Amino acid sequence: MAKRTITILVLLVAMMFVGVATLTSQCATPSVEDDSAGVEQFYIDYTQRLTPKALIPTPLDAVYGDGVCRISGSARVVCRTEELMPVAHYLCQRLSLDLTTEREGAIRLGYDPMLEVEEYRLIVDERGVLVVGGGYGGVFNGVMTLLQMLPETLYSGSVTYPVELPLCNISDRPRWGHRGFMLDVCRTWMDKEAVKRFIDLMAYHKLNSLRLHLTDDEAWRIEIESHPELAQEGGFRGGDSPIWPRYGKWNERWGGYYTKADMREIIEYAKVRNIEVVPEIDLPGHSLCIATLHPEILCNYTPNTSRAFGYDVRSAFCPSKESNYELLADILGEVCELFPSEYIHIGGDEVDMAQWRRCPDCLALMQKMGMESTAELQQYFMSRVSDIIANYGKRPAVWNEAIEGGRLSESTRVYGWESVKECRRSAGEGYPTVLIPGEYFYFDMKQSSREPGHDWAAIFDWRKVYGFAPKYVGFTAEEEKNIVGIEASFFSEVYASHTPETDDYLHYQLFPRLVALAEVAWVDSDSRDETAFYERMVAHYDRLDAMGVAYRLMPPVVKYSDGVLSVACDDGSKIYYSKYGDAMPELYTEPIKTNKPAHYLFVARRGEARSQDVAVESYFKTITPTFNITSSMPESERFTFDKAEGYGRLARTTRAGDEGDWVMFTFDTPVECRRMKVATGNFQLPRYLFENGYVEVSYDGVNFERVGDLECGIFYIEQPPHPIKAVRMVCTSRGNGAEWVSIQPPTIYPQL
């Protein structure tokens with residue numbers, strides 16, 4: 001109680017400093033003395049009147065009163081502190097209100113030195129609003145809570161006055177100081193405005209760190225003035241670019257990069273919204289793009305490039321070359337000067353060390369340094385790079401593999417991604433650790449088995465994200481001391497082939513998982529209740545709708561009993577259905593009487609949001625008739641054709657496809673079906689495929705007719721008029737930037 005009393009006194013001082021409220025004509029302007037008494041009485045009267053509100057994330061301590069504070073369109077925002085002017089201007093812009101440095105205004109912003117940097121107090125009484133924080137971040141967090149208490153239309157740019165706010169006294173602070181997100185703008189290009197839109201969505205949910213994955217095998221996205229070719233050539237792939245196109249848009253020059261002016265604008269935009277932008281320059285692996293432009297960075301041996309038709313697929317810097325560190329000093333010097341962030345992420349993940357084991361210079365260095373493993377060679381490389389950025393006053397951040405070869409600098413921050421076990425190992429060894437285990441926080445993962453995305457880490461939706469807490473996954477008290485915070489990520493390989501000109505796929509993969517992330521990063525696990533959170537999240541959908549977010553709805557529940565097909569959802573969305581053979585979907589309004597339930601496919605929609613398609617399970621049933629694979633390309637010794645012939649696994653060839661190459665499926669018995677999917681490339685990833693090609697079908701095994709073109713290596717044969725004896729995929733382009741073609745087994749849907 002003593003702490004609350006001290007806090008109230010501090011708030012009273014702050015209120016007298018920033019001035020009293022001027023509201024609509026319905027509210028009198030109190031004196032300073034009345035103001036003081038009112039706040040004390042407000043706190044005492046409403047302490048026992050706790051009412052749940054749909055705030056995301058939920059505040060640590062929120063007390064609500066009976067009644068409202070009404071604010072008119074002529075109200076003003078008061079800010080008399082220069083450091084808070086950016087958030088004051090931000091608030092005025094959001095609410096279309098004027099800013100004043102005078103003592104009178106409806107919404108007052110100020111500092112409270114008794115609070116932590118991101119901690120805030122938000123008080124609303126009949127006379128106005130007070131937001132105070134321990135630092136800029138605290139005030140901004142309080143403003144974000146204030147916005148959530150206003151009509152959601154403000155997120156779409158419109159506010160109709162007067163508006164009413166519930167009377168409240170909120171005391172709040174985050175559980176973790178680092179609440180981050182990693183956005184891969186490398187595999188799929190996102191321009192400056194798209195990044196700024198995403199920053200807004202982060203800010204609305206009180207996330208405070210944006211890590212931009214700026215370089216990888218596929219592109220180089222940041223201007224380096226000393227080496228302009230990196231962005232000017234490496235920022236694009238396909239067409240006349242030397243960088244091979246991957247993951248989508250194979251037949252055009254596509255991409256872009258951020259000039260330094262662009263990045264400064266992004267950094268400042270994020271700073272106003274209490275978000276730090278952290279760059280990632282991924283080293284020493286994931287460097288195929290820069291290696292294509294500067295092959296001198298590669299190891300000292302001549303590779304066999306015949307399988308990729310002359311394309312060198314090596315992707316790792318050679319640690320033994322002093323010239324590489326000179327090049328990186330140029331690059332990282334400019335990166336350090338451009339980004340004000342304390343940390344520069346320098347990668348360290350998934351290095352193909354087989355390249356180093358073939359390099360005589362690397363082997364000589366290992367012998368000279370007494371190294372027994374290539375992991376130690378990576379540690380040597382990362383230490384050298386860490387020294388470069390230390391010269392600019394920066395600290396290194398790395399992926400968890402980078403600490404496997406030996407101890408890195410004590411200042412190194414580790415991002416644990418491979419597993420919870422690796423996160424615990426990093427924290428246990430004393431490294432400041434950001435938790436980003438793929439099975440919880442890689443939002444490029446599938447959300448169900450029949451949706452797009454990867455599945456190597458896990459298949460999960462928002463519920464698994466919400467259920468994460470260090471103590472639930474085995475962290476000891478000592479390990480927890482080294483946790484910096486939590487971060488989620490979105491690697492964008494699949495995005496490139498899912499209409500990247502829009503935000504739809506990005507939003508669908510991220511939301512509402514990002515909403516759950518915001519809650520987990522802010523709220524202690526002891527205070528969580530999944531049922532209550534889901535109710536608040538559904539209420540939050542109105543805000544997401546106003547923000548224009550194309551989020552994922554939970555799938556409707558489909559039931560079939562006694563000849564009646566019924567569908568329901570619990571979030572207020574509308575359900576539509578498509579009947580087999582009909583082109584146009586219809587609004588579902590009542591249960592459907594039918595003896596053919598598998599003829600109906602359902603989807604929930606609201607705003608830009610949608611669910612996955614759902615139906616009775618028999619709709620998704622597939623069959624596995626016996627077939628064999630033949631090809632103009634030899635089969636891999638390890639991934640033989642019979643792997644795919646057994647269904648469920650991939651086969652591989654021994655080289656990439658050339659014009660005229662083909663893969664054929666021949667069935668023992670002609671297959672009658674309503675749909676058949678045939679595909680080259682990996683299951684969830686459009687890579688190792690025929691980048692261009694077409695499909696032929698034979699009903700007798702002798703004569704073939706062309707039925708369509710491959711798209712992302714895939715083609716769906718719809719409603720074949722006769723049972724299919726054979727299917728042939730024919731390549732019409734040369735190469736795919738890799739050394740083989742992956743072959744998927746067909747997916748065959750029987751007649752309903």
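Predicted, not measured: the structure shown is a model, and the values here were computed from it. Because only heavy atoms are used, hydrogens play no part in the values below, and waters and symmetry mates are left out as well, while side chains stay in.
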[X]/[Y] ion pair, N-O < 4.0 Å:
{"X": "Asp524", "Y": "Arg175", "answer": "yes"}
{"X": "Arg197", "Y": "Asp200", "answer": "no"}
{"X": "Lys260", "Y": "Glu334", "answer": "yes"}
{"X": "Asp526", "Y": "Lys471", "answer": "yes"}

Discussion item. side-chain contact (heavy atoms from CB on, under 4.5 Å), that's the test. Do Leu506 and Met190 meet it? Break it down for me.
Written reply: CA-CA 11 Å; Leu506 175 71; Met190 294 176 61; 3.8 Å; yes
Cationic tip of [X] within the cone over [Y]'s six-membered ring, i.e. under 6.0 Å and within 45° of the normal?
{"X": "Arg463", "Y": "Phe533", "value": "no"}
{"X": "Arg273", "Y": "Tyr269", "value": "yes"}
{"X": "Arg513", "Y": "Phe460", "value": "yes"}

Practice prompt. Could you walk me through whether Lys192 and Met263 pass the side-chain contact (heavy atoms from CB on, under 4.5 Å) test, one step at a time?
Written response: CA-CA 8 Å; Lys192 176 180 65 177; Met263 190 52 66; over 6 Å; no
We want to know whether [X] and [Y] form a side-chain donor-acceptor pair, criterion being a heavy-atom distance below 3.5 angstrom.
{"X": "Ser419", "Y": "Glu422", "result": "no"}
{"X": "Trp417", "Y": "Glu401", "result": "yes"}
{"X": "Gln379", "Y": "Ser383", "result": "yes"}

Discussion item. I'd like to know whether Glu119 forms a salt bridge (charged side-chain N to carboxylate O under 4.0 Å, His left out) with Arg121, so could you lay out the CA-CA distance, the side-chain angles of the two residues, the decisive distance to 0.1 Å, and finally the verdict.
Written reply: CA-CA 7 Å; Glu119 188 175 4; Arg121 298 288 185 268; 3.2 Å; yes
Worksheet item: Can you name the side-chain hydrogen bond (donor to acceptor under 3.5 Å, both in side chains) partners of His498, sequence neighbours left out?
Response: none
Worksheet item: What are the two closest heavy atoms between Glu83 and Pro86, and how far apart are they?
Response: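 Shortest heavy-atom separation between Glu83 and Pro86 comes out as O-CD, 3.5 Å.
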Worksheet item: At their closest point, which heavy atom of Arg221 faces which heavy atom of Thr188, and how far apart are they?
Response: NH2-C, 4.4 Å
Please determine whether the number of non-hydrogen atoms from other residues, nucleotides or ligands lying under 6.0 Å from atom [atom1] of [X] exceeds 12.
{"X": "Glu429", "atom1": "CD", "answer": "yes"}
{"X": "Lys464", "atom1": "NZ", "answer": "yes"}
{"X": "Glu372", "atom1": "CD", "answer": "no"}

Using a 3.5 Å cut-off and no angle test, enumerate the donor-acceptor pairs between side-chain atoms of residues 133-147 and protein atoms at least two apart in sequence or in another chain.
| from | atom 1 | to | atom 2 | distance (Å) |
| --- | --- | --- | --- | --- |
| Tyr136 | OH | Val87 | N | 3.2 |
| Tyr136 | OH | Val272 | O | 2.7 |
| Asn141 | ND2 | Glu118 | O | 3.1 |
| Asn141 | ND2 | Gly137 | O | 3.1 |
| Thr145 | OG1 | Tyr120 | OH | 2.7 |
| Thr145 | OG1 | Asn141 | O | 3.4 |
| Thr145 | OG1 | Lys206 | NZ | 2.9 |

Worksheet item: Would you call the rings of Tyr325 and Phe381 parallel, tilted or perpendicular, where under 30° means parallel and over 60° means perpendicular?
Response: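 Ring orientation, 0 to 90° scale: tilted.
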Worksheet item: Do any pairs count as a salt bridge (Lys or Arg N to Asp or Glu O under 4.0 Å) and have a residue in residues 412-421, sequence neighbours left out, and if so which ones?
Response: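 Listed once each, the pairs would be none.
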Item to complete: Determine which pairs satisfy salt bridge (Lys or Arg N to Asp or Glu O under 4.0 Å) with at least one residue from residues 373-387, sequence neighbours left out, and list them in order.
Response: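 Passing the test, one end in residues 373-387: Glu322-Arg384.
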Item to complete: Scan residues 189-215 for pairs that pass ring-ring contact (aromatic ring centres under 6.0 Å, His included), counting only residues two or more places apart or in two chains.
Response: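 Applying ring-ring contact (aromatic ring centres under 6.0 Å, His included) to every pair that reaches into residues 189-215, excluding sequence neighbours, yields Tyr155-Tyr204, Phe181-Phe198, Trp189-Tyr258, His205-Phe511, His205-His540, His213-Phe491.
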Check residues 483-490 and write down every donor-acceptor pair under 3.5 Å in which the side-chain atom is one partner and the other belongs to a residue at least two apart or another chain.
| from | atom 1 | to | atom 2 | distance (Å) |
| --- | --- | --- | --- | --- |
| Glu487 | OE1 | His178 | NE2 | 2.8 |
| Glu487 | OE2 | Arg211 | NE | 2.9 |
| Glu487 | OE2 | Arg211 | NH2 | 2.8 |

